[in-house]
Q: 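Can you read through this structure? Questions will come right after.
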Amino acid sequence: MNKNLTRRVFVQTAAAGSAALAWLGARQTPAALTAEADKPALLGGTPVHRGGWPQWPQWRETWEPEILKVLRSGQWSRAGGGRQVPDFEAAYAKLLGAKRCLATASGTTALITAMHVMGVDAGDEVIVSPYTFIATYNTILIHKALPVFADTDPATLTMDPASIESRITERTRAIVPVHIYGLPCDMDPINAIAKKHNLAVVEDACQAWLAEYKGRKCGTLSDLGCFSFQNSKHIPSGEGGAITGDREELVDRCQAFHNCGRATGTFQGRGSFSRGSNFRMQHFQAAMLLQQLDKLEMETERRRENADYLNAGLKEIPGIQPLRLPEDSRPVWHLYAFRYDAAQFNGLPRDKFFRAMGAEGIPCGGGYHEQYYDGLLDEAIASRGFQRLFSAPRLKAYRDSFQELKGNKQVCETTVGMSQNLLLADRSDMDHILAAIRKIQAHSAGLAKVA
Ligand SMILES: Cc1ncc(COP(=O)(O)O)c(C=O)c1O
């Protein structure tokens, strides 16, 4: 047993073991039951959790008439009229407290649109969080701009504002903070740096529906905010996205760009069309999203309550560090994450911790890895376009700079995450998560020895 394990934790571990007794067959003796219940499932003991977890995504029969209505109307695209997409835009803007919302085909297309409208162009640089889904990098590269990575704060998993200014060059055009896993970035210092250097800020809020920072919703804290409604998200429509903003002229420009460049509202361009693409949402998607706004609010509260409960329990376990949140902020936990210190688990590697948790009936994993070494950026900077747009010394310095991302490396190596649907389970299931981690901590020396 780990020397650091307090008596209290041991007692809790034993209590968790007794809770697991309920799962065991009636013919075993009480002594055998306790020993088996206490033993990690990976070492042949009884799993703490055998009840499964809420499925995701979930749908309701009550949604069917609205979807059928779209089908039967024949108006499936907003280009032909129809109410569902504009109604969803109005409802989502209201929910977030934004003046405007534009629905898009996906989070990726929302980000591509927002970058274009904020003036990101070929040969520019954009400062972005490296700890994100790969789409965030790609939406910058697609504009033939360089994603320049600020470091990640290991305590928060989000962009460390202190690492931004040293990365600004005369080419820098925008900053893209990512509210990853629904964890709000510390936006005040980020916005202050952007203001000082006259840079645009686009929030990647693709995982942060209803997350809050200082009383305002993420996605409304900068020039433009971008959301995803892809299948795995808290409010899914298969594919889908949105851009939120308070400035009419910016959202009109987004609307024009996402609609093949058609002149829109305050943005008339120089003729009927300007540059753009077709990134429109379909009414089917909007009909699904409109049904889910109340559900999103209710489930967000449930995830928060369960995450708070887990945070309080986990901070008592040596080697587990719950995340730090910016002052006066409320996350929404697209992944429930914490940091893992193998040294305090008798050297039990994180991968084996995942296996041990899986055996206890609790799926978890490691979140994002150091994706900048995966080849995407090497391929981009070796391309003809980037070679024309940036000098060889700049591209070399850029590639070398990945080694400076010490905080991000630490985050990639030590984060443990559980999918959001686990947080929709009952409080007793949260107790199982805590019990499993305590059990693994108590038996970490033994677990570290197995292959
Ligand atoms: C942080 C982040 N940014 C961007 C995206 C892209 O969104 P989509 O998959 O809707 O294109 C996602 C979606 O997974 C995301 O999680």
Side-chain angles (χ1 to χ4, degrees), residues 56-57 85 88 92 101-116 118 120 126-143 147 149-150 152 156-159 174-185 187 190 201-211 217-219 221-222 224-244 254 257-258 277-282 284-286 288-289 292 296 331-337 365-369 371-372 376 408 411-412 415 417-421:
W56 197 263
V85 174
F88 171 69
Y92 197 64
C101 168
L102 171 75
T104 59
S106 63
T108 302
T109 51
L111 282 161
I112 293 172
T113 304
M115 305 280 181
H116 172 80
M118 296 317 301
V120 173
V126 175
I127 296 181
V128 63
S129 172
Y131 196 70
T132 182
F133 179 55
I134 205 73
T136 320
Y137 300 15
N138 264 327
T139 56
I140 298 166
L141 291 169
I142 213 159
H143 288 293
F149 302 111
T152 307
T156 64
L157 308 194
T158 57
M159 179 181 268
I175 305 176
V176 179
V178 183
H179 305 297
I180 202 67
Y181 304 154
L183 301 162
C185 296
M187 289 303 294
I190 296 172
V201 180
V202 173
E203 286 159 88
D204 182 337
C206 282
Q207 300 184 6
W209 329 259
L210 302 185
K217 300 280 191 296
C218 290
L221 303 163
S222 62
L224 294 169
C226 297
F227 292 86
S228 167
F229 308 124
Q230 189 271 336
N231 228 64
S232 63
K233 301 302 198 288
H234 293 193
I235 168 166
S237 55
E239 303 291 347
I243 303 173
T244 45
C254 289
F257 184 82
H258 108 299
S277 191
N278 177 357
F279 294 156
R280 294 185 298 254
M281 177 181 274
Q282 296 188 57
F284 290 106
Q285 294 162 285
M288 286 185 71
L289 294 168
Q292 295 180 69
L296 173 69
V332 295
W333 306 108
H334 185 48
L335 209 72
Y336 174 71
Y368 300 105
H369 62 279
Q371 307 170 110
Y372 30 82
L376 162 74
N408 193 59
V411 165
C412 293
T415 298
M418 293 171 202
S419 170
Q420 54 87 14
N421 53 312

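The analysis underlying the following values was restricted to heavy atoms, covering all of them including side chains, and did not include hydrogens, waters or symmetry mates. Counting starts at 1 for both ligands and their atoms, in listed order.
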Q: What's the shortest distance from atom 6 (C) of ligand 1 to any protein heavy atom, and which residue and atom give it?
A: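 Nearest neighbour among protein heavy atoms for atom 6 (C) of ligand 1, to 0.1 Å: T108 OG1, 3.5 Å.
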Q: Just distances here: any N/O of G107 and N/O of ligand 1 closer than 3.5 Å?
A: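 Among all N and O atoms of G107, at least one is under 3.5 Å from an N or O of ligand 1.
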Q: Would you mind listing which atoms of ligand 1 come within a distance below 4.0 Å of any non-hydrogen atom of A135?
A: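 What qualifies from ligand 1 is 4 (C), 5 (C), 6 (C).
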Q: More than 12 heavy atoms of other residues, nucleotides or ligands under 6.0 Å from CD1 of I142: is that the case?
A: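 It does not: I142 CD1 has 12 such atoms or fewer within range.
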Q: Under 3.5 Å, side chain of Q230 to main-chain N/O of S106, donor-acceptor pair present?
A: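 The answer is no, because no donor-acceptor pair under 3.5 Å joins these two groups.
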Q: Give the atoms of ligand 1, by number and element, whose distance to some non-hydrogen atom of T132 is under 4.0 Å.
A: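 With T132 as reference, the close atoms of ligand 1 come out as 1 (C).
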Q: F149 and Y131: aromatic ring centres closer than 6.0 Å?
A: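 No, too far apart.
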Q: Using 30° and 60° as the class limits, which term best fits the ring planes of Y336 and W333: parallel, tilted or perpendicular?
A: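 Ring orientation of Y336 relative to W333: tilted.
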Q: Examine distances only and state if a side-chain atom of Q285 and a backbone atom of E239 form a donor-acceptor pair shorter than 3.5 Å.
A: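 Present.
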Q: Need the ligand 1 atom indices (1-based, order shown) with element for anything under 4.0 Å from a heavy-atom of S106.
A: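 In order of numbering, the contacting atoms are 10 (O), 11 (O).
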Q: State the atoms of ligand 1, each with its element, that fall below the 4.0 Å cut-off from a heavy-atom position in T136.
A: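 Per the distance check, 3 (N).
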Q: For atom 12 (C) of ligand 1, what is the nearest protein heavy atom, given as residue, atom name and distance?
A: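 Here the nearest protein heavy atom works out to F133 CD2, 3.6 Å.
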Q: Looking only at protein heavy atoms, identify the closest one to atom 13 (C) of ligand 1 and say how far it is in Å.
A: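 Ranking protein heavy atoms by distance from atom 13 (C) of ligand 1, first comes K233 NZ, 2.9 Å.
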Q: Heavy atoms only: which of E239, Q207, H334, H179 lies closest to atom 16 (O) of ligand 1?
A: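 Nearest heavy atom to atom 16 (O) of ligand 1 lies in Q207.
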Q: Check whether Q420 reaches the backbone of K233 with its side chain - one donor and one acceptor, N or O, closer than 3.5 Å.
A: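 Checking the backbone N and O of K233 against the side chain of Q420, no donor-acceptor pair under 3.5 Å is found.
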Q: Would you mind listing which atoms of ligand 1 come within a distance below 4.0 Å of any non-hydrogen atom of L111?
A: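 Selected atoms, number and element: 4 (C).
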Q: So, H234 versus H334: side-chain donor-acceptor pair below 3.5 Å or not?
A: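 The answer is yes; a qualifying pair exists.
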Q: Any idea which protein heavy atom is nearest atom 3 (N) of ligand 1, and the distance to it?
A: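 The protein heavy atom lying closest is D204 OD2, 2.8 Å.
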Q: With a 3.5 Å distance limit and no angle check, can you tell me whether E203 reaches the backbone of H179 through a side-chain donor-acceptor pair?
A: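 Side chain of E203 to backbone of H179: no pair is present.
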